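So the structure is just underneath, and the comments pick up after that.
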Amino acid sequence: MGWKFWKRSNPMDPQEMLARGHAEPNSFPGPPRPQDSLPVGSFGMTVEDVFSITGRGTVVTGRVQAGTVTVGEQVLLSRAGQPILQVEVTGVEMFRKTVQTAKAGDNVGLLLRGLAKDQVARGDVLSK
């Protein structure tokens with residue numbers, strides 16, 4: 001393909017291009033997603049920030065890297081590959097909306113039971 005790629009030797013009619021695109025809408029599968037290659041139920045999230053809410057517990061925020069997490073599930077907090085402790089997810093919030101499940105790619109805040117603010121730091125990993 002030269003730098004003048006728009007000058008084709010056999011130009012295609014715009015109506016034909018539209019018809020071809022509508023006839024094969026899923027002809028391009030897109031890039032592979034990490035959540036498609038993981039076993040069902042796996043979960044991974046890197047902690048970006050930590051908050052403490054009086055009377056509720058500790059909230060960790062970050063992007064879910066892989067898998068899903070649901071309210072009521074147990075997750076493992078790890079630092080530098082060493083497991084620290086297991087905690088329960090008591091709430092999931094995404095953009096000021098409470099949701100039941102977070103999936104890969106979501107920026108979420110997880111409310112964790114049984115965890116103090118000083119026990120978790122940025123860079124820690126939550127996993128199942």
Side-chain angles (χ1 to χ4, degrees):
M1 176 187 295
W3 67 277
K4 293 184 178 181
F5 60 90
W6 61 88
K7 292 187 178 182
R8 296 184 178 186
S9 58
N10 54 354
M12 191 180 295
D13 180 39
Q15 294 300 324
E16 182 184 343
M17 290 173 70
L18 282 174
R20 185 179 288 181
H22 290 298
E24 303 168 8
N26 295 326
S27 61
F28 300 105
R33 303 180 312 166
Q35 64 266 32
D36 292 339
S37 61
L38 292 169
V40 175
S42 61
F43 166 73
M45 179 179 122
T46 305
V47 175
E48 300 219 0
D49 208 350
V50 184
F51 304 98
S52 181
I53 300 176
T54 307
R56 294 280 293 164
T58 303
V59 175
V60 296
T61 62
R63 177 172 293 202
V64 179
Q65 300 294 328
T68 60
V69 66
T70 307
V71 174
E73 290 183 338
Q74 297 284 324
V75 294
L76 182 68
L77 178 67
S78 304
R79 182 175 295 148
Q82 300 297 318
I84 298 175
L85 61 121
Q86 193 161 358
V87 293
E88 182 182 354
V89 177
T90 56
V92 179
E93 188 170 316
M94 183 171 28
F95 297 105
R96 299 191 186 272
K97 292 182 183 174
T98 303
V99 294
Q100 289 294 313
T101 303
K103 61 185 185 331
D106 292 345
N107 285 317
V108 295
L110 300 179
L111 180 61
L112 304 175
R113 178 184 299 158
L115 182 69
K117 182 180 177 182
D118 59 350
Q119 290 179 306
V120 62
R122 182 182 173 134
D124 290 353
V125 175
L126 292 171
S127 61
K128 282 189 190 174

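Every value quoted in this text rests on a predicted model; they were computed, and no experiment measured them.
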Step by step, work out the side chain to side chain contact (heavy atoms under 4.5 Å, CB included) result for Val120 and Val47. CA-CA 8 Å; Val120 62; Val47 175; 4.2 Å; yes

Kindly work out whether a path of hydrophobic side-chain contacts (I/L/V/M/F/W/Y, heavy atoms less than 4.5 Å apart) joins Leu77 to Val50. yes

A side-chain contact here means heavy atoms from C-beta on lying under 4.5 Å apart; do Gln74 and Gln86 qualify? yes

Got a sec, which pairs hit salt bridge (charged side-chain N to carboxylate O under 4.0 Å, His left out) with one end in residues 48-58, sequence neighbours left out? none

According to a hydrophobic-cluster definition based on side-chain heavy atoms being under 4.5 Å apart (Ile, Leu, Val, Met, Phe, Trp, Tyr only), do Leu112 and Leu85 belong together? yes

Under 3.5 Å, which donor-acceptor pairs link side chains of residues 91-98 to any protein atom two or more places apart or in another chain?
none

Closest approach of Pro83 to Ser78 (non-hydrogen atoms, all atoms of both residues): CA-OG, 3.8 Å

Close side-chain approach of Thr70 and Val89, heavy atoms under 4.5 Å: no

Arg79: partners by salt bridge (Lys or Arg N to Asp or Glu O under 4.0 Å), with sequence neighbours left out: Asp124

Val87-Val60 co-clustered via ILVMFWY side chain contacts under 4.5 Å: yes

Partners meeting side chain to side chain donor-acceptor pair (under 3.5 Å) with Gln119 (sequence neighbours left out): none

In short, Thr58 meets Leu115 closest at the heavy-atom pair OG1-O, 2.6 Å

Apply side chain to side chain contact (heavy atoms under 4.5 Å, CB included) to the pair Val69 and Met45, showing each step before the final yes or no. CA-CA 10 Å; Val69 66; Met45 179 179 122; over 6 Å; no

By the side chain to side chain donor-acceptor pair (under 3.5 Å) test, which pairs, at least two apart or in different chains, include something from residues 102-118? Arg63-Asn107, Glu88-Arg113

Apart from Val59 itself, which Ile, Leu, Val, Met, Phe, Trp or Tyr residues share its cluster (side-chain heavy atoms under 4.5 Å, direct or through members)? Phe51, Ile53, Leu111

Would Val125 and Val108 show up in the same hydrophobic cluster when neighbours are defined by side-chain heavy atoms closer than 4.5 Å? no

Residue pair Leu126 / Phe43, side-chain heavy-atom distance below 4.5 Å: yes

